[in-house]
Amino acid sequence: SAGYQAFFHTLDSLKLRFQDGAWQAHALSASRPRVAIDASPLWQAAPKSPALCVALPIDCDPLVAYLKRAVPGEDTRAAGLCGSIASSVGVCWYGDSPLYAPLFVAKTDGKTDKAFLKSLFERLVGNPEARVPGEAAGEDGQGGEVAKATRLPPSPVIEAKTTGGTTWSRDVSARFGIRPAAESANKSAMRSSRFFRVRLADVDGFLFFSPDDRLVDRAVSVRAKRYPALADVLRPAQASASFIFFPEKAAAALKQAMFD
């Protein structure tokens, strides 16, 4: 499951079939009652050319319980956030981004609490940096060096206005990050030679999140009609499907992940 088992713990079975010159996918949910998902709004917001997209049902009870633990004292706002999100969320993997940096897409009622979203992002995204005195910027510390490192606060969260909404971004250093540390304004404090620019967007009735900010930017461009949507390339019969699979792109993405 490549570490994604938590996303499909209610999946009972999956069937892939090549018929009439096209792939067909059928998934059976183990949840009771089984939820019918109309994923068409999600694919209208997701950028085109994914390797794989899956629409997953939301279970508000455990989600709200987690949010309450993450942000104590915000029970009402946590429940309100889950109530603002539609019954399913889309997850898409793209060939030009690592498998561990998918794009999450959620449709909302347009009444999300932006202050609460920012608070969640600040609390849940990022980690303290740890630099070794005298170590060159962007070098990964090893062994005993880590014990001598100076702990520094996470990179600041950058809030920006965009077409139709707001984005929040934070640079998070990680050995397998997408970008080289030299691209970060916080490079002098980073503990690793690479980093993720994690981004959350609340735009035009949708939430977009990814450890790869480029995917979020594409999704924002889809809503602004500057970039084609996944729905633009789907057949009418596929428009509401909860499982979208492009074998060639998926194979290329898996090959790249294995060689990386």
Side-chain angles (χ1 to χ4, degrees), residues 4 7 16 18-27 36-58 84-110 112 117 160-169 178-179 183 196-257:
Y4 290 105
F7 293 137
L16 299 174
F18 188 79
Q19 184 177 14
D20 299 329
W23 282 93
Q24 298 179 1
H26 303 268
I37 297 176
D38 177 7
S40 55
L42 302 175
W43 309 151
Q44 291 166 10
K48 73 164 189 173
S49 300
L52 169 68
C53 283
V54 182
L56 305 167
I58 293 178
S84 293
I85 300 175
S87 60
S88 59
V89 171
V91 189
C92 293
W93 289 263
Y94 291 82
D96 59 348
S97 189
L99 292 180
Y100 46 82
L103 172 69
F104 293 83
V105 182
K107 189 173 183 354
T108 74
D109 60 7
T112 49
L117 285 173
K161 297 299 180 182
T162 189
T163 305
T166 307
T167 67
W168 298 274
S169 306
I178 296 170
R179 297 172 176 267
E183 294 184 11
F196 293 100
R197 181 159 291 156
V198 186
R199 183 160 292 166
L200 169 68
D202 183 3
V203 172
D204 193 27
F206 283 90
L207 293 176
F208 303 109
F209 174 82
S210 178
D212 186 347
D213 61 305
R214 301 170 301 175
L215 300 184
V216 173
D217 289 346
R218 283 182 210 163
V220 171
S221 294
V222 169
R223 300 309 300 162
K225 302 188 183 305
R226 297 192 303 264
Y227 195 91
L230 170 58
D232 295 340
V233 300
L234 297 178
R235 301 173 183 175
Q238 300 171 323
S240 62
S242 58
F243 188 93
I244 305 293
F245 180 60
F246 294 92
E248 300 87 352
K249 291 183 175 64
L254 288 172
K255 181 179 179 181
Q256 183 65 40

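Please read all numbers here as calculations on a predicted model, not as lab measurements.
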Point-to-point distance, once rounded to the nearest 0.5 Å, from CD1 of I58 to OG of S88: 6.5 Å
Between W93 (side chain only) and L99 (backbone N and O only), is there a donor and an acceptor less than 3.5 Å apart? yes
What's the spacing between W43 CH2 and L234 CG if we round to 0.5 Å? 9.0 Å
With a sphere of 6.0 Å drawn around CZ of R226, does it hold more than 12 non-hydrogen atoms of other residues, nucleotides or ligands? yes
In terms of the angle between their ring planes, are F206 and F208 parallel, tilted or perpendicular, with boundaries placed at 30° and 60°? parallel
Taking the side chain as everything from C-beta on, heavy atoms only, tell me whether F245 gets closer than 4.5 Å to V54. no
Once the angle between the rings of Y100 and F196 is folded into 0 to 90°, is it parallel (under 30°), tilted (30 to 60°) or perpendicular (over 60°)? perpendicular
I need the D204 CG to K107 NZ distance, nearest 0.5 Å. 8.5 Å
Could you check if a side-chain atom of V198 sits within less than 4.5 angstrom of a side-chain atom of F209, using non-hydrogen atoms only? yes
Distance-minimising heavy-atom pair for V222 and P47: CG2-CA, 3.8 Å
Minimum heavy-atom distance between P50 and F246, given as atom pair plus value: O-CD1, 3.2 Å
Verdict with reasoning, D212 to S210, per side chain to side chain donor-acceptor pair (under 3.5 Å): CA-CA 5 Å; D212 186 347; S210 178; 5.6 Å; no
Minimum heavy-atom distance S242-A39, with the two atoms named: CA-CB, 4.2 Å
Hey, which of R197, R179, R218 is the one that makes side chain to side chain donor-acceptor pair (under 3.5 Å) with D213? R179
Give the minimum heavy-atom separation between V203 and R223, together with the two atoms involved. CG1-CB, 4.3 Å
Taken to the nearest 0.5 Å, the spacing of K161 NZ from T166 OG1 works out to 3.5 Å
Nearest 0.5 Å, what's the OG1-NZ distance between T163 and K225? 12.5 Å
Do you know the tightest heavy-atom contact between I37 and L56? CD1-C, 4.2 Å
Would you call I178 and P98 a side-chain contact if the rule is heavy atoms closer than 4.5 Å? yes
Nearest non-hydrogen partners of A201 and V216, listed with the distance: CB-CG1, 3.7 Å
So how far is it from D202 CG to L207 CG, rounded to the nearest 0.5 Å? 5.0 Å
